[in-house]
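Reading through the structure tokens given below for one structure.
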Amino acid sequence: MSAAGRPSAKNGQPVNWLLIESSAEMRRIIELTVDALRANNVFPGIISAWEEEGVDKVLHGAPHLAIASAAENSMHPEIDCAIALTYLDLAAHSRGLGTCWAGIFMGAVANHPPLLAALALPEGDKIQGALMLGYPKFQYPRIPPRKPLKVTWR
């Protein structure tokens, strides 16, 4: 993935990527995420769907996961990673891939050391965001309705 055109604070380019391709590794991440949900006593429906039915409501069957991390001591790691993930989101769609921000995973990784350890990030890095990736099962003719922009012109 090229960094061309992707801005970062003071051109620090702090973003590191972890791309999960293996279905076995995706399964391990889902299991560790469910463990985190269980340990924190949250989202019982997601836990029971996985444990009782084998239904993945964490990553929704996505075949891949792109994780953006950056050194915590970089200038604006959360903003730089959000920009990088947004560029990936747009680029993926231009190649026919579907994406979805992995919010359940992000909540779990923040509070579950075994999940974080399994990712083996570079030392000093913190995960700032993640996107599920794959070819969409369904094609949607339009995006969901959006609220009108709130713009003030002066």
Side-chain angles (χ1 to χ4, degrees), residues 1-51 53-137 140 143-144 146:
M1 178 183 322
S2 170
R6 190 187 66 228
S8 61
K10 289 201 161 209
N11 198 29
Q13 303 175 35
V15 180
N16 291 310
W17 291 98
L18 173 60
L19 298 173
I20 308 297
E21 294 182 282
S22 147
S23 58
E25 188 65 12
M26 289 292 285
R27 182 174 179 80
R28 183 170 82 122
I29 287 171
I30 294 162
E31 289 173 351
L32 287 166
T33 301
V34 170
D35 288 346
L37 300 178
R38 190 181 312 102
N40 290 293
N41 199 28
V42 294
F43 298 114
I46 294 174
I47 298 166
S48 65
W50 180 254
E51 292 177 341
E53 304 163 37
V55 174
D56 168 21
K57 291 191 174 192
V58 173
L59 299 175
H60 301 278
H64 310 295
L65 185 65
I67 299 169
S69 67
E72 288 188 87
N73 64 357
S74 57
M75 185 166 285
H76 293 291
E78 64 288 340
I79 295 170
D80 291 339
C81 286
I83 291 168
L85 284 160
T86 301
Y87 270 66
L88 175 59
D89 191 5
L90 294 169
H93 285 278
S94 76
R95 301 288 182 150
L97 290 166
T99 62
C100 184
W101 291 72
I104 299 294
F105 164 79
M106 286 300 297
V109 78
N111 298 306
H112 196 61
L115 176 54
L116 186 58
L119 299 174
L121 297 175
E123 189 172 337
D125 265 25
K126 180 179 177 187
I127 294 177
Q128 301 293 338
L131 280 178
M132 297 173 251
L133 295 164
Y135 288 102
K137 188 174 184 178
Y140 296 96
I143 63 171
R146 303 287 187 217

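Atom set for the values below is all heavy atoms of this structure, side chains included, hydrogens, waters and symmetry mates excluded. Quick note: residue numbers are just sequence positions, from 1.
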Inset, instruction - Kindly determine whether Arg28 and Glu31 satisfy salt bridge (charged side-chain N to carboxylate O under 4.0 Å, His left out), including the steps that lead there. - result: CA-CA 5 Å; Arg28 183 170 82 122; Glu31 289 173 351; over 6 Å; no
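- Separating the CG atom in Leu65 from the CE atom in Met26 is a distance of 5.0 Å, to the nearest 0.5 Å.
- The nearest pair of heavy atoms linking Met132 to Leu59 is SD-O, 3.1 Å.
- Contact annotation: the side chain of Val109 never approaches that of Leu32 to less than 4.5 Å [non-hydrogen atoms, C-beta and beyond].
- With Asp125 contributing its side chain and Ala71 its backbone, the two residues share a donor-acceptor pair below 3.5 Å.
- Residues Tyr135 and Gly96 approach most closely at CD2-O, 3.5 Å, considering heavy atoms.
- Smallest separation of non-hydrogen atoms from Met106 and Gln128: CE-C, 3.6 Å.
- For the pair Asp80 and Val15, the tightest heavy-atom approach, listed with the atom from each and the gap, is O-CG2, 3.7 Å.
- Annotation for Ala36 and Ala108: closest pair CB-CB, 3.7 Å, computed over non-hydrogen atoms.
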Inset, instruction - Given side-chain contact (heavy atoms from CB on, under 4.5 Å), test Trp50 with Val58 step by step and report yes or no. - result: CA-CA 9 Å; Trp50 180 254; Val58 173; over 6 Å; no
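- Annotation: the span from Arg27 atom CZ to Ser22 atom OG amounts to 11.5 Å, rounded to 0.5 Å.
- Atom-to-atom distance recorded for His93:NE2 and Leu88:CG is 9.0 Å, nearest 0.5 angstrom.
- When all heavy atoms of Leu85 and Leu131 are compared, the pair lying nearest together is O-CD1, 3.4 Å.
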Inset, instruction - Take Ile29 and Leu119 through the test side-chain contact (heavy atoms from CB on, under 4.5 Å) and record every step on the way to the result. - result: CA-CA 9 Å; Ile29 287 171; Leu119 299 174; 4.0 Å; yes
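- The distance from the NZ atom of Lys57 to the OG atom of Ser48 is 7.5 Å, given to the nearest 0.5 Å.
- The shortest side-chain heavy-atom distance between Ile104 and Thr33 falls under the 4.5 Å cut-off.
- Within the 4.5 Å cutoff, the side chain of Leu121 has no heavy atoms near those of the Asn16 side chain.
- Atom CG of Leu133 and atom CG of Leu97 lie 6.5 Å apart (nearest 0.5 Å).
- Between the CG atom of Asn111 and the CG atom of Asn40 there is a distance of 5.5 Å, given to the nearest 0.5 Å.
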